[in-house]
There are 2 protein chains.
Amino acid sequence: MNKTTRQVDTTTPQADTTTQQAIMSAAEIEFMEKGFAAAKTTAIARRAGVTHAMLHYYYRTKENLFNQVFQAKIQLLADSFTTILGREMPFLEKIEQGVGAHFDFLAANPRLPLFVLREIVDNSDRREVCREVLLPVFKGVIEKLQKALNAEIESGSVAPVSAMDMMLNMVSMNVFAILSLPVAMLLAEVKEEDRDRFLERRKRQIIEQVLTQLKAEKR
Amino acid sequence: MNKTTRQVDTTTPQADTTTQQAIMSAAEIEFMEKGFAAAKTTAIARRAGVTHAMLHYYYRTKENLFNQVFQAKIQLLADSFTTILGREMPFLEKIEQGVGAHFDFLAANPRLPLFVLREIVDNSDRREVCREVLLPVFKGVIEKLQKALNAEIESGSVAPVSAMDMMLNMVSMNVFAILSLPVAMLLAEVKEEDRDRFLERRKRQIIEQVLTQLKAEKR
DNA sequence: ATTATCTATAGATCTATAGATAATGC
DNA sequence: ATTATCTATAGATCTATAGATAATGC
């Protein structure tokens, strides 16, 4: 603590040594698979193909290394929300595309939800990272969605639903579909080779579900 | 392995010594909070107020102790599905009650979903336990639900939906509501004291959502 | 001079067991 | 005799750092 550390500046990506990068990649895999507590810095170094001391040379502590991985993953999660918006198309089609894109993102990053959820229970620091990165993005998306919804509601083409509720339903079903895939396949007795078909079917079903909600009878 | 163990029969609950029970209770708390990998037998013994050797005397290995906790939790989860059924009431009301009861169960056991999901990724033994305990229960529930649904569909009072999809939607939303509560509260900017109100509102919303699906226009 | 790398090791834990001793049930 | 409990310790790890040495950039 009271000694000068030989650590390199890791905030600017210019110092992207192969060793350092190898450690980061290995850390990403290990942390995503086992979580902070169960991951071992020795295993990370082994996977990166470097001596264990190098890990501490570049990242000083396990916590420090983890935080960088965590931050990056939260950022990835946030970006997945923004990319949906923007294109010009009919409202319902946009919703359809958006829900599908979010589903596909999760299917491509199946460990992400469990990783995040696991690490934020009981750790307020990490929750804070979530808040800082996700909140602005989330607010923006909800606001835009609500505006678009209001226009449609006024014109009478969709039922009066709140953007927040719709978003929660959508995220719930998508995240849980990926999160519970191992159990769901067990319970629905789906074989490994039918995995993708099963996912595709569920995706279709979720989109239907969201659309059904929008087309519900107006009260 | 090749020596006689002094371990007591733990399959019959008659040997419910205070020490043994204390260890089990402590283990339940530790494992639920930290997961298998991060939980320490030393911490469990400390929490139980017994010497660490006692833990190994009664349960021999950490794995063994964990498996007993895990089995019990899966059983609890399974039971939560069966208790819903049975009572006599109109179909829609039954659904409403069922969804609400499932939600309440999860709200009362908020760590259960993450605990189970975390432990079954990458561990086929534990997944097997899930399958054995949950599959028969799940099949039974789906079958009953589908029968009830078919009757209603035939009489034209509800839209043609599959019991499996309906079940998945319901479980998704309920589980995710509890699982994501910390993040959701962050994103929806809910204060700690409004937690219960927030949950109650979400519960109501999920029930509505399920009912909406049932009342959708028949095609 | 600074940066990168290796060897070696300190210092904490953690799981698990051995072996002694006390308490309990016939 | 059997069951329960304690003390002590073996044997693995795990995180982190010290200190030597090689490579690199002025």
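Throughout, a chain's letter reflects where its sequence line sits, starting with A, and its residues are numbered from 1.
- Atom CZ of A:Arg60 is separated from atom P of D:dT17 by 7 Å (rounded to the nearest Å).
- Of the candidates C:dA16, C:dT15, D:dT15, the closest approach to any side-chain atom of B:Lys40 belongs to C:dT15.
- Note on ring orientation: taking the six-membered ring where Trp is involved, the planes of B:Phe31 and B:Phe36 are parallel (angle under 30°, cut-offs 30° and 60°).
- Computed from coordinates, the A:Lys34 NZ to D:dT13 P distance equals 13 Å when rounded to whole Å.
- Of all nucleotides listed (C:dT5, C:dT15, D:dA16), C:dT15 comes nearest to the side chain of B:Thr41.
- Rounded to an integer number of Å, the gap from B:Glu63 CD to C:dT15 P is 12 Å.
- Side-chain N or O atoms of A:Ser124 include none that pairs as donor or acceptor with a backbone N or O of A:Arg127 at under 3.5 Å.
- When heavy atoms are screened at a 4.0 angstrom cut-off, B:Ala45 is found touching no nucleic acid atom at all.
- Within the 4.0 angstrom heavy-atom criterion, base atoms lie near A:Thr42.
- For the pair A:His52 NE2 and D:dG19 C1', the interatomic distance rounds to 17 Å; values are reported in whole Å.
- Between A:Glu200 and A:Arg204 there is no salt bridge, since none of the side-chain N atoms of the basic residue sits less than 4.0 Å from a carboxylate O of the acidic one.
- One can place OH of A:Tyr57 at 19 Å from C1' of C:dA8, the figure rounded to the nearest angstrom.
- In this structure, the nucleotide among C:dC14, D:dA4, D:dA16 sitting nearest to the side chain of A:Lys62 is D:dA16.
- In a base pair of the Watson-Crick type (N1 to N3 plus N6-O4 or O6-N4) or a G-U wobble (N1-O2 and O6-N3), with each distance short of 3.5 Å, C:dT3 is matched with D:dA22.
- Remark: B:Thr51 is in phosphate contact with D:dC6, judged by side-chain N or O atoms under 4.0 Å from OP1 or OP2.
- Straight-line distance from the CZ atom of A:Arg46 to the P atom of D:dT15: 10 Å, rounded to whole Å.
- The interatomic distance linking B:Leu55 (CG) with C:dT15 (P) rounds to 9 Å, in whole Å.
- Rounding to whole angstrom units, CE of residue A:Met54 and P of D:dA16 are separated by 16 Å.
- Phosphate proximity of D:dT5 to B:Tyr58: present, with a side-chain N or O under 4.0 Å from OP1 or OP2.
- Side-chain atoms of B:Glu30 never come within 3.5 Å of backbone atoms of B:Ile44 as a donor-acceptor pair (strictly under, hydrogens ignored).
- Stacking of A:Arg202 on the aromatic ring of A:Phe176 is not recorded, the 6.0 Å distance cut-off and the 45° axial limit not both being met.
- Across all strands shown, the partner of D:dT9 is C:dA16, judged by Watson-Crick or G-U wobble contacts whose two distances both fall under 3.5 Å.
- Proximity note for B:Ala53 (side chain, C-beta onward) versus C:dA18, D:dA16, D:dT5: the nearest is C:dA18.
- A:Ala37 comes within 4.0 angstrom of nothing in the nucleic acid, heavy atoms only.
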